[in-house]
Amino acid sequence: MKVAYWPGCVSRGFTPELHGSMEQVAPLLDIELIPLDRASCCGAGVIAEHNQELADTLNARTFALAQQTDGELMMNICSTCQGAQSECQQRLDASAEYRATINETLADEGLTYQGGITNKNFLWLLVEELGLDELRSRVRRPLTDLRVGPFYGCYIVRPVDRLEIDALTPRDTYLSRVIEALGGTVVEYAGMHKCCGFPIITTSQEASLRQAGTHMADARVAHADCVVTPCPLCHLNLDLQQPLAERVVGREIGMPILHLPQLVGLALGLEPKELGLGRHVVKPTAVIDWTTSVVGSVAAR
Amino acid sequence: MAEFTLRLRRYDPGSGRAPYWDQHTVELEPHRSVLEAILQVKDRVDGSIGIRCSCMAAICGSCGVRINGQPGLACHTHLDRALACARDGVIEVEAMGNMPIIKDLIVDMEKVHWKKIRRVTPWLLPEGVVPEREHLVDRDAMVDVTQSMACIQCGACVSDCLTMEVDPLFIGPAALAKVYRFVGDPRDARERERLVDLAEDPHGMYSCTHCFKCIDACPKGVAPMSQIMRLRRRATSDWHIDDANNGRRHEEAFVTLVRDYGLLHEAELLPRSYGGNSWLGKFHPAAGKVLLESLPVVTKAILRGKVGIRQAMFGHKLPAQSLDQVQRIFDRVEGRPQRVEQNLYVSGEDDDGAARAADRAGRIEKAVTAQRSVVR
């Protein structure tokens with residue numbers, strides 16, 4: 001499957017292990033990535049807050065670049081990109097007149113957004129395009145006995161209408177399904193669909209860290225070995241800021257946070273080092289130990 | 001007629017008894033509401049069930065509850081729809097969140113919701129001579145506030161606000177949407193004062209965590225979060241209010257960095273949000289403090305190879321030609337005399353969009369029906 005690939009900013013900036021692991025995992029799933037290396041930041045909702053038309057034009061430019069490739073669809077690896085781009089796409093696709101206004105600006109750059117692009121997060125692509133049976137058949141190292149807590153990030157689960165989360169595509173359950181398909185044990189906990197707090201880290205730091213700390217403490221209480229997220233911004237608040245979040249909620253947490261491609265990569269047989277697991281602030285010792293133990297048991301069989 | 005089973009969360013704080021779940025089965029047409037089912041149980045089985053309601057037509061906003069964990073109006077939720085979202089074939093109804101429970105499904109709106117609404121001066125503050133008859137306003141000028149005027153004060157958005165969950169002092173989605181109703185009203189003369197007040201409040205408009213919960217919660221399509229974003233847009237772009245909460249600085253820094261680099265330069269965003277929107281921002285005392293606090297974490301991140309020194313210093317940039325393109329887009333759009341805003345609540349969708357939505361709704365209906373027959 002060929003996809004126009006939008007990695008986003010943070011996956012190549014403060015969480016380089018995310019983009020790195022996606023590049024490792026893609027060939028193992030026969031996904032050919034056509035990088036959109038001329039595309040700009042999606043705006044993460046902040047540019048839309050500043051000037052809606054600006055966000056819509058920048059993302060229409062990204063969609064137009066994607067439509068120029070021979071990818072079957074556009075794929076991202078960031079919940080926030082998914083949400084911010086879906087919001088712009090909804091406005092662009094809803095009105096031919098509005099789209100024409102935006103395309104007028106893009107025409108100066110020799111680009112046109114034709115409307116109706118399919119833009120899916122890697123998580124959606126795994127379930128809806130690749131299929132869970134196919135994913136299961138490619139697992140080399142099932143995540144047996146690994147207890148994984150899902151953490152979605154707001155932008156990929158709300159608003160449900162825009163993101164088409166319904167009986168046809170219950171996308172708010174996909175992480176659990178993927179964890180199961182990889183052979184892991186799903187650990188559900190109160191905060192799994194809630195906010196990591198990252199958007200307000202500079203404006204209401206305490207409330208922000210309290211959100212991250214509370215949810216990760218919940219996951220800890222539910223005996224998760226690790227948490228997996230499809231959002232690098234969530235990863236920043238849950239992993240990078242976890243030591244500060246621990247201080248705010250007044251307890252030790254030590255919860256390893258994995259990016260979705262890292263978890264998939266482990267099950268597909270890649271080594272923790274190849275997936276950049278050693279780069280996290282909270283060392284995923286439990287996961288790395290688990291890897292060696294399972295490899296041991298498989299070798300012994 | 002069909003059978004529906006309800007699981008109600010019962011709680012009487014005065015009784016000293018812990019909350020418990022109570023299960024009842026009713027027989028009603030599937031298009032009847034969850035409220036009608038509750039009232040039938042109350043009428044025929046247990047008169048002590050506490051539920052507040054009045055109009056039964058989604059106008060008065062009295063019967064806000066959580067159905068299968070989602071906030072909404074009991075009178076506005078059909079039984080068959082509620083069943084389709086139920087985890088185990090039983091429709092679960094409980095009191096709304098973020099507000100103290102008075103009894104069973106009734107929460108104390110006064111202690112939270114109304115207190116916050118009153119906090120924002122929820123009435124028009126015009127200036128000058130009061131006209132003898134009505135205040136004449138350009139029709140188009142009022143279209144902008146129609147969405148926020150649709151609020152019926154049911155508290156569903158307050159119930160699930162994720163910032164309020166960790167910061168009970170947060171002014172909240174309902175009150176902030178209410179503010180936009182007056183900020184956007186051309187008759188109101190206190191736009192700036194209202195915006196300054198809520199920009200400077202440490203639990204004000206910049207504490208919204210952008211989680212979309214209130215958008216999904218609202219039974220009337222008010223989209224409180226979108227109104228909060230519009231408040232911010234007015235506070236920063238129109239009134240240039242430099243708040244103590246880094247709201248404006250954060251937005252400006254983000255937009256400037258994307259303009260300058262095409263991609264987000266994360267390492268610059270934090271110091272600029274605190275210290276001001278330039279490379280020198282990091283030397284401001286406010287930025288220094290937060291950088292010092294983050295030093296152990298940042299050091300760890302660098303030692304682990306998460307962030308390279310080069311990356312932290314210089315960020316990443318688009319190739320020159322693409323960056324030029326992006327900057328031309330910035331110049332053109334930001335150079336417009338007036339911002340262009342597309343509000344789908346007002347404009348609706350083109351015919352093909354509506355047809356697509358109808359087609360999808362039909363397919364969902366089919367899927368739900370199929371699911372229901374499996375459950376049976």
Side-chain angles (χ1 to χ4, degrees), chain A residues 9-10 12-17 37-38 40-41 43-54 56-58 61 90-91 93-96 98 101 105 108-109 154-155 158-160 164 166-168 194-195 197 199-200 202-204 206-208 210-211 214 240-241 243-244 278-281, chain B residues 84 162-163 166-167 206-207 209-213 215-216 229 232-233 236-237 245-247 250-251 254-255 258 262-264 266 270 273-274 296-297 300-301 304-307 311 315-316 318-319 322 325-326 328-330 332-334 339-342 344 347 349-350 353 363-364 367-368 371:
Chain A
C9 305
V10 178
R12 292 172 291 176
F14 270 23
T15 62
E17 69 279 2
D37 43 20
R38 289 159 58 207
S40 69
C41 171
V46 182
I47 293 184
E49 171 190 321
H50 168 75
N51 185 320
Q52 206 187 66
E53 188 198 353
L54 182 58
D56 289 351
T57 315
L58 292 175
R61 178 176 172 274
Q90 189 185 28
R91 285 191 289 265
D93 285 359
S95 156
Y98 182 62
T101 316
T105 308
D108 293 349
E109 316 300 339
C154 301
Y155 280 84
R158 286 178 294 272
V160 290
E164 298 189 330
D166 49 39
L168 287 183
K194 291 187 178 174
C195 181
I200 51 170
T202 60
T203 52
S204 299
E206 198 193 320
S208 168
R210 192 170 292 282
Q211 297 191 65
T214 306
L240 186 70
Q241 303 273 20
L244 296 175
R279 288 182 158 188
H280 297 184
V281 165
Chain B
L162 292 183
T163 296
V166 292
D167 175 13
Y206 291 117
S207 290
T209 190
H210 213 274
C211 70
F212 302 91
K213 271 273 187 184
I215 295 186
D216 274 353
M229 296 308 125
R232 290 183 182 178
R233 202 174 296 147
T236 54
S237 298
N245 301 306
N246 304 326
H250 176 73
E251 182 196 298
F254 194 109
V255 174
V258 174
L263 300 167
L264 184 62
E266 305 103 313
L270 185 75
S273 297
Y274 282 86
V297 170
K300 205 177 234 185
R304 295 264 159 90
K306 185 174 179 62
V307 186
Q311 172 73 34
H316 40 191
L318 281 186
S322 303
Q325 252 188 25
V326 166
R328 276 195 297 271
I329 290 174
F330 265 81
R332 178 164 170 154
V333 175
E334 300 225 275
R339 284 191 303 267
V340 177
E341 255 175 63
Q342 177 80 350
L344 297 179
S347 65
E349 290 196 21
D350 282 357
R363 283 188 292 142
I364 293 167
V368 169
Q371 214 177 7

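Protein chains get the first letters and strands the later ones, always in sequence-line order, with residue 1 at the start of each.
- For CZ of Arg332(B), the number of neighbouring non-hydrogen atoms (other residues, nucleotides, ligands) closer than 6.0 Å is greater than 12.
- For Glu206(A), no part lies under 4.5 angstrom from a heavy atom of chain B.
- For chain A, the nearby parts of Thr209(B) are the backbone and the side chain; heavy atoms of each come within less than 4.5 Å.
- Distance CZ/Arg12(A) to NE2/His316(B): 6.5 Å, rounded to 0.5 Å.
- Each of Asn245(B), Asp216(B), Asn246(B) has some count of heavy-atom pairs under 4.5 Å with chain A, and the biggest count is that of Asp216(B).
- For Glu17(A), the part sitting under 4.5 Å from any heavy atom of chain B is the side chain, from C-beta outward, and nothing else.
- With contacts defined as side-chain heavy-atom distances shorter than 4.5 Å, the pair Val326(B)/Arg61(A) qualifies.
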Stepwise side chain to side chain contact (heavy atoms under 4.5 Å, CB included) test for Lys213(B) and Arg158(A): CA-CA 7 Å; Lys213(B) 271 273 187 184; Arg158(A) 286 178 294 272; 3.6 Å; yes
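- Here the SG-CD distance, from Cys9(A) to Glu266(B), works out to 7.0 Å after rounding to the nearest 0.5 Å.
- For Ile364(B), the parts lying under 4.5 angstrom from a heavy atom of chain A are both the backbone and the side chain.
- The backbone N or O of Gln342(B) sits less than 3.5 Å from a side-chain atom of Gln52(A), completing a donor-acceptor pair.
- To the nearest 0.5 Å, atoms CD1 (Ile329(B)) and CG (Asp56(A)) are separated by 11.5 Å.
- The greatest number of non-hydrogen atom pairs below 4.5 Å with chain A, out of Gln325(B), His210(B), Met229(B), is found for Gln325(B).
- Of all heavy-atom pairs between Ala94(A) and Leu344(B), the closest is CB-CD2, 3.5 Å.
- No side-chain heavy atom of Arg91(A) sits less than 4.5 Å from a side-chain heavy atom of Ser347(B).
- Proximity to chain A is limited to the side chain of Ile215(B), based on heavy atoms less than 4.5 angstrom apart.
- Contact between Leu54(A) and Phe330(B) at its shortest, heavy atoms only, is CD2-CE2, 3.5 Å.
- Contact of Phe14(A) with chain B is made through backbone and side chain together, with heavy-atom distances under 4.5 Å.
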Trace of the salt bridge (Lys or Arg N to Asp or Glu O under 4.0 Å) decision for Asp108(A) with Arg328(B): CA-CA 9 Å; Asp108(A) 293 349; Arg328(B) 276 195 297 271; over 6 Å; no
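- At a 4.5 Å heavy-atom cutoff, the contact between Pro243(A) and chain B is made by side-chain atoms alone.
- When each of Gln90(A), Glu109(A), Lys194(A) is scored by its heavy-atom pairs under 4.5 Å with chain B, the top score falls to Glu109(A).
- If you measure heavy-atom distances from Leu318(B) to chain A, the contacts under 4.5 Å come from the side chain alone.
- At least one side-chain heavy atom of Ser237(B) sits under 4.5 Å from a side-chain heavy atom of His50(A).
- Proximity of a side-chain donor or acceptor of Arg233(B) to a complementary backbone N or O of Ala48(A) within less than 3.5 Å is detected.
- Counting heavy-atom pairs closer than 4.5 Å to chain B, the top-ranked of the candidates Ser208(A), Pro159(A), Cys195(A) is Pro159(A).
- Between the side chain of Arg339(B) and the backbone N or O of Asn51(A) there is no donor-acceptor pair closer than 3.5 Å.
- For chain A, the nearby part of Val258(B) is the side chain; its heavy atoms alone come within less than 4.5 Å.
- From Asp167(B), atom CG reaches atom CZ of Arg210(A) across 9.0 Å, with rounding to the nearest 0.5 Å.
- Distance CD/Glu349(B) to CG/Asp93(A): 8.5 Å, rounded to 0.5 Å.
- Both the backbone and the side chain of Thr15(A) come within contact range of chain B, with heavy atoms under 4.5 Å apart.
- Only the side chain of Tyr274(B) comes within less than 4.5 Å of a heavy atom in chain A; its backbone stays farther off.
- Relative orientation of the Phe212(B) and Tyr155(A) rings is perpendicular, given thresholds of 30° and 60° on the angle between their planes.
- The closest donor-acceptor contact from the side chain of Thr202(A) to the backbone of Ser273(B) lies at 3.5 Å or more, if one exists at all.
- Counting heavy-atom pairs under 4.5 Å between each of Thr236(B), Leu264(B), Thr163(B) and chain A puts Leu264(B) at the top.
- Between chain A and the residues Val297(B), Val340(B), Asp350(B), the largest count of heavy-atom pairs under 4.5 Å involves Asp350(B).
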